Amino acid sequence: MLDAASVLGDRVSAAIESAFGLSGVDPVLRPSQFADTQANAALALAKRIGRNPREAAAAINEHLDLSDVGTVEVSGPGFLNITVSADWIAGQLATLVADERLGVPRQERRTIPVDYSAPNVAKEMHVGHLRTTIVGDSLVRSLEALGHHVIRQNHIGDWGTPFGMLIEHLLEVGEDSPEADLLATDPNAFYQAARAKFDSTDDGGAWATRARERVVKLQAKEPESLEIWRGMIEHSKGYFHRIYSALDVTLTDDDLAGESTYDPMLAGICDELIDRGLAVESEGALCVFPEGFTGREGKPLPLIVRKSDGGYGYATTDLATIKHRARTLGADEILYVVGASQALHFKMIFWAAKAAGWLTRADGSEVTPIHVQIGSVLGEDGKILRTRSGAPLRLSWLLEEAVEKAGTVVAQSRPDLSDDERAVIARQVGIGSVKYADLSVAHDTDYVFDFDRMLALTGNTGPYLQYATARIRSIFRKAGLDPTQARDAVAVLEPTERVLALALLRYGATVAEVGDLQAPHRLAGYLFELAQAFTSFYDACPVLTADEDVRRSRLTLTAATLAVLDHGLGLLGIQAPEQM
Ligand code: ARG
């Protein structure tokens, strides 16, 4: 463990144990104005041990051995002010530089299915899907880096009543027609065309009737219907993957586990719920009434698992996802990275799954389901982002726009580069800015989508961080050195070097937090701080023009910053341009 805070915290806890015989006491580490950190445990403990805080602090200090790390001083009402030594920092940095994991811990391996992205077939992906896709992808990258067995689950909407009309329409236009291609290029247009036929009364509703019959055939697995349906999914996959590749998202066809895959489980799910006395008939439908969930006038809220017409819905399918993931995939933890508006749905699903016993393993231990709630992306008017005409925004348009705007920025900053070179950078910056805007705010917080703000080269933006890496690369180009080879000993002399070095040592603990708390924004915030610490260092400390020893030390510090920025941006799914 390289992070100064965790080393110090462990030492303080150990000292408390030998001083008072109390184990596992929180050291209460806080940032300090006068030292690197302060431990406030004495204040919290004083009452418990019947001494005044200053005495308690002195007693802890007597048992606190920090000789290899730094110095400690009792101050104020009972703070322990701890300052780490330059030698300790240098030693830890040497470990960091030699470690290809850059201090990222290897956690005890857990199996974690992560449900994310989950767009709907024959519908345009909207900004809501954009966010679950980006946040989910960054979570899976981080969890994998921490050593977990991650199973990506793209729960696409590929089943249900609209498919009758969609299949009927595809059958009419022909699978090889330009209209069918719309599924891959402009799914909403395909959907609208099918819808228009469905709604039309010109034929006395004959078409709509055929569409309804088609759903029944599809659900009965009639071969022709199934085949056309499969063709439609194929077209749609093309669309999803175009978006995923534009976004540099790690989802592939192998990760598809759409609603339809659970169809064979649904009848059994209902039977099991009935057998356990959890599901009851209510107004013709089969319902579970999760405890403690009430609607208007305190009426118990139903989770409908089988509709009165015998069909199954979104809830039944999600009960199947949770059982499948817990039982068949052997999950320790299951993440659902889905819009916050579905919070009630997941609470009820989790309750029912637990009550049904699907979350309890043979040894009695529990599988933990977590809804990673995704906040909304808003327009400048504070409402869900839409086009001016009120239609949902096309994701593909939005990404193209971001790349184009980034192109304008790059054209201004790098007129010396070729068009091709600039195009590569514009793509990385445009996509990176969109992704970073999503990742830099807590996943459950709404944010306002603003191209100008997210493309800015200053402030907490993707381009700012990308620029920081490009700038460091140019330092090494100028010096004619390879940053991956800069591994000399670091001497921490100046205050800005110290701040930068301590920030670098916090990287591993930050990545662990991302995984433990499902919080990519912690990593984003950390990288922003690191880039700022680098800027302050570089402003205050000459690197290339310093004396040989200092120059080597500073180049190592600079290279370590690049390595961490690069790695961290990688976990966010953001590419860093070679130059900018
Ligand atoms: N397709 C759904 C939607 O667009 C999201 C599915 C999320 N995952 C799940 N297991 N329910 O809202």
Side-chain angles (χ1 to χ4, degrees), residues 112-137 139-140 150-163 166 183 187-188 191 232-233 236-237 239-240 243-244 247 249 251 255-263 265-266 269 288 290 303-305 312-329 331 333-354 358-359 367-377 384-386 392-395 438 443-444 518:
I112 312 177
V114 182
D115 182 318
Y116 72 104
S117 191
N120 300 311
V121 168
K123 281 201 194 141
E124 178 76 27
M125 277 172 86
H126 54 70
V127 282
H129 292 122
L130 172 73
R131 208 164 173 205
T132 76
T133 304
I134 292 173
V135 171
D137 207 50
L139 284 175
V140 299
V150 171
I151 308 174
R152 292 164 175 75
Q153 298 278 283
N154 192 357
H155 190 69
I156 59 170
D158 62 359
W159 207 234
T161 38
F163 283 88
L166 294 167
L183 278 166
N188 272 357
Y191 189 94
M232 186 155 77
I233 308 294
S236 250
K237 278 199 229 167
Y239 166 73
F240 298 149
I243 298 275
Y244 294 151
L247 273 174
V249 155
L251 286 167
D255 308 316
L256 288 173
E259 294 179 9
S260 65
T261 50
Y262 297 94
D263 189 60
M265 285 178 72
L266 304 183
I269 291 278
V288 175
L303 191 63
I304 300 173
V305 292
Y312 307 105
Y314 192 57
T316 330
T317 312
D318 258 331
L319 286 169
T321 63
I322 201 166
K323 181 178 178 197
H324 173 71
R325 290 166 191 175
R327 289 290 166 85
T328 311
L329 300 182
E333 206 172 285
I334 308 170
L335 303 188
Y336 290 87
V337 186
V338 185
S341 62
Q342 297 189 29
L344 182 61
H345 164 77
F346 283 110
K347 276 194 194 126
M348 291 169 82
I349 294 291
F350 294 171
W351 185 95
K354 194 171 153 80
W358 297 325
L359 295 175
V367 179
T368 317
I370 298 172
H371 176 199
V372 180
Q373 299 190 19
I374 301 300
S376 303
V377 184
I384 302 278
L385 188 64
R386 286 182 190 282
L393 218 55
R394 290 186 59 194
L395 194 52
D438 249 5
H443 61 72
D444 53 355
Q518 299 88 41

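Counting starts at 1 for both ligands and their atoms, in listed order. Given the structure is predicted, the values throughout are model-derived calculations rather than measurements.
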Side-chain H-bond candidate by donor/acceptor type, Asn154 with Tyr244, under 3.5 Å: yes
Donor + acceptor pair across side chains of Glu124, Tyr239 (<3.5 Å): yes
Asp137: salt bridge (charged side-chain N to carboxylate O under 4.0 Å, His left out) partners, not counting sequence neighbours: Arg141
Donor-acceptor contact present, side-chain Ser117 to main-chain Thr133, <3.5 Å: no
Under the salt bridge (charged side-chain N to carboxylate O under 4.0 Å, His left out) test, residues paired with Lys123 that sit two or more places apart: none
Ligand 1: protein residues within heavy-atom distance under 4.0 Å: Asp115, Ala118, Asn120, His129, His155, Tyr314, Asp318, Tyr336, Val338, Gln342, Phe346
Side chain to side chain donor-acceptor pair (under 3.5 Å) partners for His345, two or more places apart: Asp318
